[in-house]
Number of protein chains: 2
Amino acid sequence: MSLTLEDIAQLSSVSRSTVSRVINGDANVREETRRRVLEVIQRNNYQPNLAARQLAAGHTKVIGLVIPAGVGTIFSDPYFAQFTQGLSDACSEKEYSIMLWLASPEYERRMIRRILGSSLVDGIVVLSTLVDDPLVSALHESQMPFILIGSHPSLEVNSVDVDNIEGARLATRHLLSTSPSKIATITGPQNMMVGRERYQGFAQAVTENGRKLEDTLAVEGDFTEMGGYTAMKSLLAAQPQAVFAASDLMATGAMRAIREAGLRIPADIAIAGHDDMPIASQTNPALTTVRQPLGQMGLLTIETLIELIHHPGQPTRRIVLKPELIIRASCGSSPAN
Amino acid sequence: MSLTLEDIAQLSSVSRSTVSRVINGDANVREETRRRVLEVIQRNNYQPNLAARQLAAGHTKVIGLVIPAGVGTIFSDPYFAQFTQGLSDACSEKEYSIMLWLASPEYERRMIRRILGSSLVDGIVVLSTLVDDPLVSALHESQMPFILIGSHPSLEVNSVDVDNIEGARLATRHLLSTSPSKIATITGPQNMMVGRERYQGFAQAVTENGRKLEDTLAVEGDFTEMGGYTAMKSLLAAQPQAVFAASDLMATGAMRAIREAGLRIPADIAIAGHDDMPIASQTNPALTTVRQPLGQMGLLTIETLIELIHHPGQPTRRIVLKPELIIRASCGSSPAN
DNA sequence: CTGAAAGCGCTTACAG
DNA sequence: CTGAAAGCGCTTACAG
């Protein structure tokens, strides 16, 4: 039904080798020939069959995006949507397509095998959240080029990440600038690297400030609104004056708990979040938070992955982007806006 | 590097035709032979090369998911994440993979061509929101099996949808049961089918109730929190006692505006939303809303699409699922919870 | 700069 | 029930 290379070759009176060359931008084609072939291609709206190309050339132009999704409603965190959007934009630009796998735990093992064995993709982006994800180890042992979004505690893998420690430190420092008598944090799950790192950043800022970490309060949340709410409730008894929540979603929940307790933000309790999701600027008061350059991350990820695909065996790269503190009204040290 | 059909054939001392048959579940294989081959496959963890299979058989086992994303931050609406999750689960079950295309307008035309021409997928799911999406027309003119999530004003296409009119009607009826003197609605964009349909449902409920539609207030929102907020502000002057917001995100924004105006929910203004996203149960008061069976939609979509792929030329099917009213405290006619 | 030919790893009539 | 052979639509040395 659709045209093949062969058809285009006949229509332009050249061999299919030549057509293939012009399609792939090979320099060894006379300018006039190239123009003629290109014209035929355009006129007939020809699209090469990707399966055939892959089989012959050993590569497709698609990359796999793996997101561990089974765990609760984490996938509905706007973070994933935003990152995916960034990645997708970058792929369009580079003429790659994205194969999406939302890994629910039950299918995980089977899925790894399918991904690796079926040679459907040239490379993989894993958005791994767990500290010691078997997916990452499996990928690491395979020959498949891949990039981990985040970090891994022990393995040397190519990764793109935002500096979570720095992000948490920025937010915590800002909270400390109002000299609260007691500061607390609602952490992310400690079996996730982001959860751990953001707690580390919090701890560093506290220590830098000349305080003892022991005098500090920490409750573990699960990155959901409800988790933030519950955590804040249990924190309330200790009467903190400042709280760093490791995600905006949790900050939102915490604000709800604070409001229900009849306390004012920031007068009674100052609060800061992390991620700068759309809602952050709409809460009341607007939420001080940390912005991650998600669009840039997507582009860097794809560029690095393509580099890896074309030139394997390079030294492992770890790219860490700087987060940015966004000051709003919830910490009290800025004009309410 | 990885094994091929040929390797498996040699290892099990049969021809590759036979191996292919056992892999594809062809009945014409002696039971003993099948077992032996299967054993070799398992032991070597063999995965067929999908590109080769596609080239030979004319089909891959992947379906494309197209989501128009460029328009604002719509993609970060939890609705998309939830639907995608449902679709992904269904695909895992059926051993299909998902190719994801987030269509930003600039790339749209080019993308349609790539999708249709490259024969990368067996079928397509389009999550089209616009009333008259060129993507849908293009798909409709092609031979590619596809399912539209939503509805189309004029084209006869295979579609899976939730009854948006009914959903809006349920919510509006519930609001009317408290006999407000004046009822208003914050609609979705009227260039989207859901926006139009939910307004229709609102209008039907109002008319049913013996009221005149003209006595009613309607402001168009854009499905974001901010849009709901702005719309509610402009509605406030007219002092409605009840508001139906066409999405929970907009309802959240509207609640913020109401609160800022110093009014109480539901005492002064009752409010209902649509979608039952995670936040709906966490707002204060909890939001009455309409739940869509997204998981079921995903499964039905995949099943129907697979049916379409295997048996083309069937009469066009339109599957419409029933939404469910979730009564919470924001309408005042239930115990606060 | 260009073409003829082999080959990528499968599936599928066709014969037996 | 099984195998030999052709073919899917490309790419890529190899020769010229």
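First the proteins, then the strands, lettered A, B, ... as listed; each starts at 1. The basis for the numbers below is simple: all heavy atoms, side chains too, and nothing from hydrogens, waters or symmetry mates.
- Nucleic acid contact class of Asn49(A) (heavy atoms, under 4.0 Å, all strands): sugar-phosphate only.
- Comparing Ser13(B) and Ala52(B) against DNA chain D, the residue whose closest nucleotide sits nearer the 5' end is Ser13(B).
- When the C1' atom of dT2(C) is taken as reference, atom CZ of Arg21(A) falls 6 Å away, rounded to whole Å.
- Put simply, CG on Leu148(A) and CG on Leu139(A) are 9.0 Å apart, with the number rounded to the nearest 0.5 Å.
- Side-chain contact check for Val22(B) versus Leu38(B): some heavy-atom pair is nearer than 4.5 Å.
- At the phosphate of dG9(D), neither OP1 nor OP2 sits under 4.0 Å from any side-chain N or O atom of Tyr46(A).
- When the nucleotides dG3(C), dC10(C), dC1(C) are ranked by their closest atom to the side chain of Pro48(B), dC10(C) comes out on top.
- In this structure, the CD atom of Glu32(B) is 12 Å from the C1' atom of dC1(D), given to the nearest Å.
- Each of dT11(C), dG3(D), dT11(D) was ranked by its minimum atom distance to the side chain of Leu5(B); first place goes to dT11(C).
- A side-chain donor-acceptor contact under 3.5 Å links Gln314(A) and Glu307(A).
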Would you please test Ser97(B) and Trp101(A) for side-chain hydrogen bond (donor to acceptor under 3.5 Å, both in side chains) and show each step?
CA-CA 7 Å; Ser97(B) 292; Trp101(A) 287 291; 3.3 Å; yes
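- A salt bridge does not link Arg36(A) to Glu39(A): none of the charged nitrogens lies less than 4.0 Å from a carboxylate oxygen.
- Atoms CD1 (Ile23(A)) and P (dC10(D)) sit 7 Å apart, rounded to a whole Å.
- Of the candidates dG9(D), dC1(C), dT11(C), dG9(D) carries the atom nearest the Leu55(B) side chain, counting heavy atoms from C-beta on.
- Using a 4.0 Å cut-off between charged side-chain N and carboxylate O, Arg318(A) and Glu156(A) make no salt bridge.
- Of the nucleotides present, dC1(C) is the one that pairs with dG16(D) by Watson-Crick or G-U wobble criteria, both distances under 3.5 Å.
- Atom CG of Asp26(A) is separated from atom P of dA13(D) by 11 Å (rounded to the nearest Å).
- At the phosphate of dG9(D), neither OP1 nor OP2 sits under 4.0 Å from any side-chain N or O atom of Arg53(A).
- A sub-4.0 Å separation between OP1 or OP2 of dT11(D) and a side-chain N or O of Asn24(A) is present.
- Regarding contacts with the backbone of dG3(D), every side-chain N or O of Ser17(B) stays at 4.0 angstrom or more from both OP1 and OP2.
- As judged by a 4.0 angstrom heavy-atom cut-off over every strand, Thr18(A) is placed among residues touching the sugar-phosphate backbone only.
- Between the CG atom of Asn28(A) and the P atom of dT11(D) there is a distance of 15 Å, given to the nearest Å.
- Look at Thr33(B) and you'll find a side-chain N or O under 4.0 angstrom from OP1 or OP2 of dT2(D).
- As rounded to whole Å, 15 Å separates atom C1' of dC10(C) from atom CG of Leu3(B).
- Of the two residues contacting DNA chain D, namely Val14(B) and Ala56(B), the nearest-nucleotide position lying further toward the 5' end is that of Val14(B).
- Contacts of Thr4(A) with the nucleic acid, taken as non-hydrogen atoms under 4.0 Å apart, involve only primed sugar atoms and P, OP1 or OP2.
- Atom CD1 in Ile8(A) sits roughly 17 Å away from atom C1' in dT11(D) (whole-Å rounding).
- Rounding to whole angstrom units, CD of residue Gln47(B) and P of dG9(C) are separated by 15 Å.
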